[in-house]
2 protein chains.
Amino acid sequence: MKVRREDRPGESFPGPVEEGSAGPGRPTIKAVAAAAGVSTATVSQAVNGTGRISEATRRRVLAAAAELGWSPSASATALRRARTRTIALVVRRPTDVLGVDPHFSELITGLEGELAPRGYGLLLHLVPGLAEESALYERLVAEGRIDGAVLTEARSDDPRPGLLRRLGLPAVLLGSPERGGPVPGVGLGQQGAGVREAVAHLLALGHRRIAYVAGPAELVHTGARRSAFEQALAEAGLRPAAVRHTDFTEEAAVAVTEELLALPDRPTALVFPNDSMAVCGMGAAQRAGLRVPMDVSVVGYDNLPLGRWLHPRLSSVDQQVQRVGAAAALTLLARCGEDVPTALLEGRPRLVVRESTGPAPAAP
Amino acid sequence: MKVRREDRPGESFPGPVEEGSAGPGRPTIKAVAAAAGVSTATVSQAVNGTGRISEATRRRVLAAAAELGWSPSASATALRRARTRTIALVVRRPTDVLGVDPHFSELITGLEGELAPRGYGLLLHLVPGLAEESALYERLVAEGRIDGAVLTEARSDDPRPGLLRRLGLPAVLLGSPERGGPVPGVGLGQQGAGVREAVAHLLALGHRRIAYVAGPAELVHTGARRSAFEQALAEAGLRPAAVRHTDFTEEAAVAVTEELLALPDRPTALVFPNDSMAVCGMGAAQRAGLRVPMDVSVVGYDNLPLGRWLHPRLSSVDQQVQRVGAAAALTLLARCGEDVPTALLEGRPRLVVRESTGPAPAAP
DNA sequence: CGACTTTGGTTAATCGATATACCTGCGGGT
DNA sequence: ACCCGCAGGTATATCGATTAACCAAAGTCG
């Protein structure tokens, strides 16, 4: 199919929109001032609540503004105040054929919930790699397009906090438990607790050969979770059946699962670093003729909505990404000089037990 | 967990970022002009390629700009030119507890691919309902925050194209085959073809009792696909085993599936309006003790990445959402006065046959 | 009663870039 | 020698809002 444009008889939306076709254009502060019989300065002060304006005049101005449907121009305000009321979220996508991790959908939902009511916008960008991400921040800052940025997936040696600090751009970092870095970290910090709970659950079900599928080694949370996993097992006097690092792709999930299930001493439970991969792993296991959870148990991470509806329903660690997003937004807004309540992120990651985990199979 | 901020000994990122902490602030066009020994007008013209500037001076200016790391201020340019180089995408999410439909991730990927290289940004907003969506456009336009908008999920009596036309905002509408409306439609127009192909596939497999799960009746594509479905069956001398409208939520998918499978004359195949719902339906069927595809076949729509990895792998109609996104971006950019190639959207929706469809079970 | 404060507003500079109108040499034609 | 045209820039108004400085009128107080 071709995008309409040629071979159409009754073309009704020609080329670019002609300027001024919408009448006299949008009203400016001048029009409002004239309508209210005051100066533009008064309008500005009335709307912003600054300066000394009588209640009567203020109402008159507000009425005039509403009447004309006027809102201050974002560009003009941004220029004058050097604040754009825009926050950037840059998503690095592993490969460019796949879409964005569903994880981000949740995060965005959480962010938007706090940003929108305060008149802030979310500027979304997708980049292939870390180098492009840094270059993008430089450009966005150089152009003065944003007031702050949300950094996701902290890495062990992450160049971004330092960069943004140098650029003077407020930022928050997700996925890092570290304190005192160049930018504040938010949530996703007690990842270990979630993993520990998952391990405890599996141990209680009688599992002894538990394998762990980890994310890319360069991510901070990968290490945190991995050591939590190993430690939790160690406390029970066990060692991991296996630990494999992956690049977070579905392909890798399938490949690793197949490999783990072919091990001479097959693990009875698999712990995955996110739900997408867990789903893939579950599929791979089933395809290999194993039943979940009778032959092998599977645990995911993130508790995506979809997991509730699969068969079997996916047991997963809920880390409340939405709330983390909200907290990140609040923290960032505070750093942008906005007057917001302190971000409270009560609770920690919790395991949600569903159907993909069950008693360990009797020893063969 | 609490967001760090209190009870911390070595606070190292205090309150709002203090102004000017990053040195002399970002360079302006004046600095570049001074460095190059020319006027600011010359700098502007050199950078924009307008006016008459000698090649030598141009290079000198560009060098100075690069040296200082200067890019024109987006706010200033936007104010002067009345162009923000920002496009809005407003996502309406059915309920606020769930995240964003993965479908949108694909769409965004496609949009970004064309927007980013041209220096355009994507402003993302989430709203609960249609009324809020319209109000949001009004605000964004009143504030002059955007140059255009991508409208998704065309409705049969959609107020948005008219609204944006009145507001004078360039826009494209996704999911509408209609021509000649107030704004151009893009792709997602031959939905019928995809459904027809799916039906043909099922018929060839021997299915005779095929049920159709439809989206909300108010969406344009729902009607288009539904009639394509009924027509395709009619051509084979059949009637739908059932047609049910839903609100696109996972809950509805599960409920409808359970209802359909409990029908006295149980359908042997189910066609869903998107992959998320198909996955839910598949889960519901399996949970009801049915095997997919031996007892019941399932077809989705969208061909999301995840479908490839489930067990069984999901048969689905691929409508190339990413490409549609790219085409939408190009069409919109053209309407914004940008010089871009005409959007070509070759191909039409195609069925991808995987494992969730199989021969119809022998009649009981 | 005159200096002083307070109230309620206005004037004008400013943010950074763009575009129009306007100079300034300089070579060429006559 | 004089005017013209043009290449190559520059001075300045402008986009729309904010804000510091300022001002007029109306209390206020010793």
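It should be emphasised that the depicted structure is a prediction, and the values quoted were computed from it without experimental measurement. Lettering follows sequence order; numbering is per chain, from 1.
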What protein N or O atoms touch nucleotides 21-24 of chain C N or O atoms at under 3.5 angstrom, if any, and at what distances?
none

N/O donor-acceptor pair under 3.5 Å between [X] side chain and [Y] backbone:
X        : Y        : result
B/Asp158 : B/Ala154 : no
B/Arg83  : B/Ala78  : no
B/Glu112 : B/Thr109 : no
B/Asp147 : B/Thr84  : yes
A/Thr331 : A/Ala327 : yes
A/Arg85  : A/Arg118 : yes

Rounded to the nearest angstrom, tell me the gap between atom [atom1] in [X] and atom [atom2] in [N].
X       : N      : atom1 : atom2 : value
B/Arg80 : D/dT14 : CZ    : C1'   : 5 Å
A/Ile53 : D/dT19 : CD1   : P     : 13 Å
B/Lys30 : D/dA11 : NZ    : P     : 13 Å
A/Arg59 : C/dG9  : CZ    : P     : 12 Å
A/Arg83 : D/dG16 : CZ    : C1'   : 19 Å
B/Arg81 : D/dA13 : CZ    : C1'   : 17 Å
A/Arg26 : D/dA17 : CZ    : C1'   : 13 Å
A/Glu55 : C/dG9  : CD    : P     : 11 Å

Distance below 4.0 Å between B/Ser54 side-chain N/O and D/dG9 OP1 or OP2
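For D/dG9, OP1/OP2 do have a side-chain N/O of B/Ser54 under 4.0 Å.
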
If you compare every side-chain N and O of B/Thr50 against the phosphate oxygens of C/dT18 (OP1, OP2), does one of them come in below 4.0 Å?
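No, because none of the side-chain N or O atoms of B/Thr50 sits under 4.0 Å from OP1 or OP2 of C/dT18.
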
Five-pair end axes of the helix from C/dC1-D/dG30 to C/dT30-D/dA1 and the angle they enclose, rounded to 10°:
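Inter-axis angle at the ends, rounded: 60°.
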
Give [X] one of three labels, base, sugar-phosphate or nothing, depending on what nucleic acid heavy atoms sit under 4.0 Å from its own.
X       : value
A/Thr57 : sugar-phosphate
A/Thr42 : base
A/Leu79 : base
A/Ser44 : base
A/Ser39 : base
A/Val38 : sugar-phosphate

To the nearest 0.5 Å, how far apart are CG in A/Leu174 and CG in A/Leu151?
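Rounded to the nearest 0.5 Å, the CG-CG separation comes to 8.5 Å.
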
Give, for atom CD1 of B/Ile146 and atom OH of B/Tyr137, the distance between the pair rounded to the nearest 0.5 Å.
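So the gap between those two atoms works out to 7.5 Å.
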
Does either side chain, that of [X] or that of [Y], offer a donor lying less than 3.5 Å from an acceptor on the other one?
X        : Y        : answer
A/Ser73  : A/Arg26  : no
B/Tyr120 : B/Glu114 : no
B/Thr42  : B/Arg58  : no

Counting only heavy atoms and a strict 4.0 angstrom limit, can you tell me which residues of residues 66-73 of chain A come near DNA chain D?
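Per residue number, the list reads A/Trp70, A/Ser71, A/Pro72, A/Ser73.
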
Set out, in order, the CA-CA distance, both residues' side-chain angles and the distance that settles side-chain hydrogen bond (donor to acceptor under 3.5 Å, both in side chains) for B/Arg145 and A/Thr86, then state yes or no.
CA-CA 10 Å; B/Arg145 261 181 178 267; A/Thr86 303; 3.2 Å; yes

What nucleotide among C/dT18, D/dT18, C/dG16 has an atom nearest to a side-chain atom of A/Thr40?
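Between C/dT18, D/dT18, C/dG16, the one nearest the side chain of A/Thr40 would be D/dT18.
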
